[in-house]
Structure formats: C-alpha cells, structure tokens
Chemist: 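Got a structure for you, questions after.
Sequence positions, counted from 1, serve as the residue numbers for this chain. Just so you know, these numbers come straight off a predicted model, no measurement behind them. Whatever order the structure lists them in is the order used to number ligands and atoms, beginning at 1.
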Amino acid sequence: MIVMKPVVRVIDLWKQYEEGSKNSFALRGANLEILAGETVALLGKSGSGKTTLLNLIAGLDRPTMGLIEVDGQDLETLGEWGRTELRRKRFGFIFQFFNLLPTLTAFENVFLSLELIGKPDPTLARDALASVGLEGKGRRYPHELSGGEQQRVAIARAIVKEPALILADEPTGNLDTTTGNQVLELLERRCREHSMSLLMVTHTVLTCRYAHRILQMVDGVVTEQTPNSETKR
Ligand SMILES: Nc1ncnc2c1ncn2[C@@H]1O[C@H](COP(=O)(O)OP(=O)(O)OP(=O)(O)O)[C@@H](O)[C@H]1O
Ligand SMILES: [Mg+2]
C-alpha cells in the first residue's frame, strides 16, 4: 500500500487578530490535511477565516495557537528565514486580483519567480507561459492583457517553480464565468500533470467540480463535505 504523505497538516489552529477582545477569533481550532497531488476546495462565507488560514499556512502570519506542518516541518520552529525559504521554494500563490507586477512584462513576472529560487532559466519561463496558452504574449505588460490572460500569467508564475502546493484565494473571483471556468480547468490540469497539491478558496459551488475534496469553513472551523462524486477526474 502506498502511504501518501501530507504536504500540509494543520492541527487545532487558533488565530486572534486583536488580543483581549472577546469575539475576535478568526480561527477557532481549525484542522486540515492536504495530501500530495490533491486538489482541495475551501468554501465558506465572507469573514469565516479562509484567507486567514491560507496566510498562516503560507507562513505570512503566525497563529495564536496550534500547529502547522509543511513537509513534516513545524513552521514555528523554522523561524522567519526558514518560512521565507519554504514559501519561495515549496509554495505557489494565485490571488483574486492577479497581483502581477505592473512594471514587468508577462515574461518578466514569471522569470522573477525563478530568479527568487536561484533558477533563472528563461526557457522554463517561456515554457510555462506557453503551457497556459500565452505563447507570443510574453512581452506584454499586465495592462495589455485581459483579466483571464493576467490570471494565466499568475498561474504560469506559480507553476513554473513546480511547488509542492499552490494556494489560490478566489482565483476566479474577478473573471466572468466562462473565463473563470477555463482558468480553473487549466489550473487543475497543470496541478495534476505536475503532481502539485492545490488548496483553492472559493465562493462558488461550481468551482468544486474540479476538486477531490470539499472543505467548508464555518466561523473559523473547517468541516469536511461528503466525497465529491461528481469530480471530473
Ligand atoms: N489583519 C486583520 N486584522 C484584524 N482582523 C482581521 C484581519 N484579517 C482578517 N480579520 C478578521 O478575521 C475574520 C476572518 O477574515 P478572513 O479574511 O480570513 O475571512 P475570509 O473567509 O477570507 O472572507 P472573504 O470571503 O470575505 O475573503 C474576519 O472577521 C476579519 O474581519
Ligand atoms: Mg478572503
């Protein structure tokens, strides 16, 4: 039997932004495990704690209480430098507002991601852009691309490092339904082909079609939904 190792393990995670205030817990004992190669959708109302959870997993912020392990390593013991290294090398990020650097071309946005991990290979950047259907558009600046194209640059930027996990916070939140679906399909396919795990925050149930598992965040706690029988795989 093959035992799949979790890429991320979150145990009894609590987050309070404002110390002392009574009802300010954004997370209240959240638990989560993501296995290698898994696509997980995270649903939940606005304010339920989804982004908070992603930021903590990414090591961008620190929990009030609880444990986060990435590749079996406790984030807390890694220290600031260790967390930065881990974030650069093992994680890819995709945001709702694309977050491309406006003064860099599409190619440069992707290439920068490689430079940051000491792998400045222009061929890899070009291949990544081609793999999201943006061949020939590498010289364009973000404002010269459509929303869907910008998000595809963001996907190329995330996958080019072949990270263990992609954290996506409402990646289709700013796209029309058709473009959003195309982007999701592409993201899911790329993750599958490269055995990358994907944790994707979403408001829409439709997005879950692309997930192995659906999790629901309610008031800072994660609950598992029934297995996704309608998954496309
Ligand atoms: N930096 C912060 N300082 C103080 N409170 C915060 C901060 N960030 C988030 N919160 C609060 O924590 C709670 C959870 O917020 P979070 O952003 O995680 O929700 P979310 O599920 O991502 O919502 P949305 O779907 O609207 O993006 C909310 O009550 C929010 O106001
Ligand atoms: Mg959010």
Chemist: Shortest non-hydrogen contact from Leu175 to Val183?
Modeler: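 So the minimum-distance heavy-atom pair works out to CD1-CG2, 3.7 Å.
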
Chemist: Checking His194 against Glu162 for the side chain to side chain donor-acceptor pair (under 3.5 Å) test, could you report, in this order, the C-alpha distance in whole Å, the side-chain angles of both residues, the deciding distance, and whether it holds?
Modeler: CA-CA 7 Å; His194 297 269; Glu162 306 236 336; 2.8 Å; yes

Chemist: Which N/O atoms of ligand 1 sit under 3.5 Å from a protein N/O, and at what distances?
Modeler:
from	atom 1	to	atom 2	distance (Å)
ligand 1	18 (O)	Thr52	N	2.9
ligand 1	18 (O)	Thr52	OG1	2.5
ligand 1	19 (O)	Gly49	N	3.4
ligand 1	21 (O)	Ser48	N	3.3
ligand 1	21 (O)	Gly49	N	3.0
ligand 1	21 (O)	Lys50	N	2.9
ligand 1	21 (O)	Lys50	NZ	2.8
ligand 1	22 (O)	Thr51	N	3.0
ligand 1	22 (O)	Thr51	OG1	2.8
ligand 1	23 (O)	Gly47	N	2.8
ligand 1	25 (O)	Lys50	NZ	2.7
ligand 1	25 (O)	His203	NE2	3.3
ligand 1	26 (O)	Ser46	OG	2.6

Chemist: If you compare all heavy atoms of Gly37 against all heavy atoms of Ser197, which two are closest, and at what distance to 0.1 Å?
Modeler: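 The answer is N-OG, 3.0 Å.
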
Chemist: Given Arg192 and Glu188, is the salt bridge (charged side-chain N to carboxylate O under 4.0 Å, His left out) satisfied, shown in steps?
Modeler: CA-CA 6 Å; Arg192 181 153 37 93; Glu188 187 273 329; 3.0 Å; yes

Chemist: Output yes if Thr52 passes the N/O/S-under-2.8 Å test against the Mg ion (ligand 2); output no otherwise.
Modeler: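 No, outside the cut-off.
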
Chemist: Counting only heavy atoms from other residues, nucleotides and ligands, does the tally under 6.0 Å from CD of Glu115 exceed 12?
Modeler: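 Correct, the count exceeds 12.
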
Chemist: Could you give all pairs that pass the salt bridge (Lys or Arg N to Asp or Glu O under 4.0 Å) test and reach residues 73-99, with sequence neighbours left out?
Modeler: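 As it turns out, the salt bridge (Lys or Arg N to Asp or Glu O under 4.0 Å) pairs with a partner in residues 73-99, which skip direct neighbours, are Arg62-Glu76, Asp71-Arg90, Glu80-Arg83, Glu85-Lys89.
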
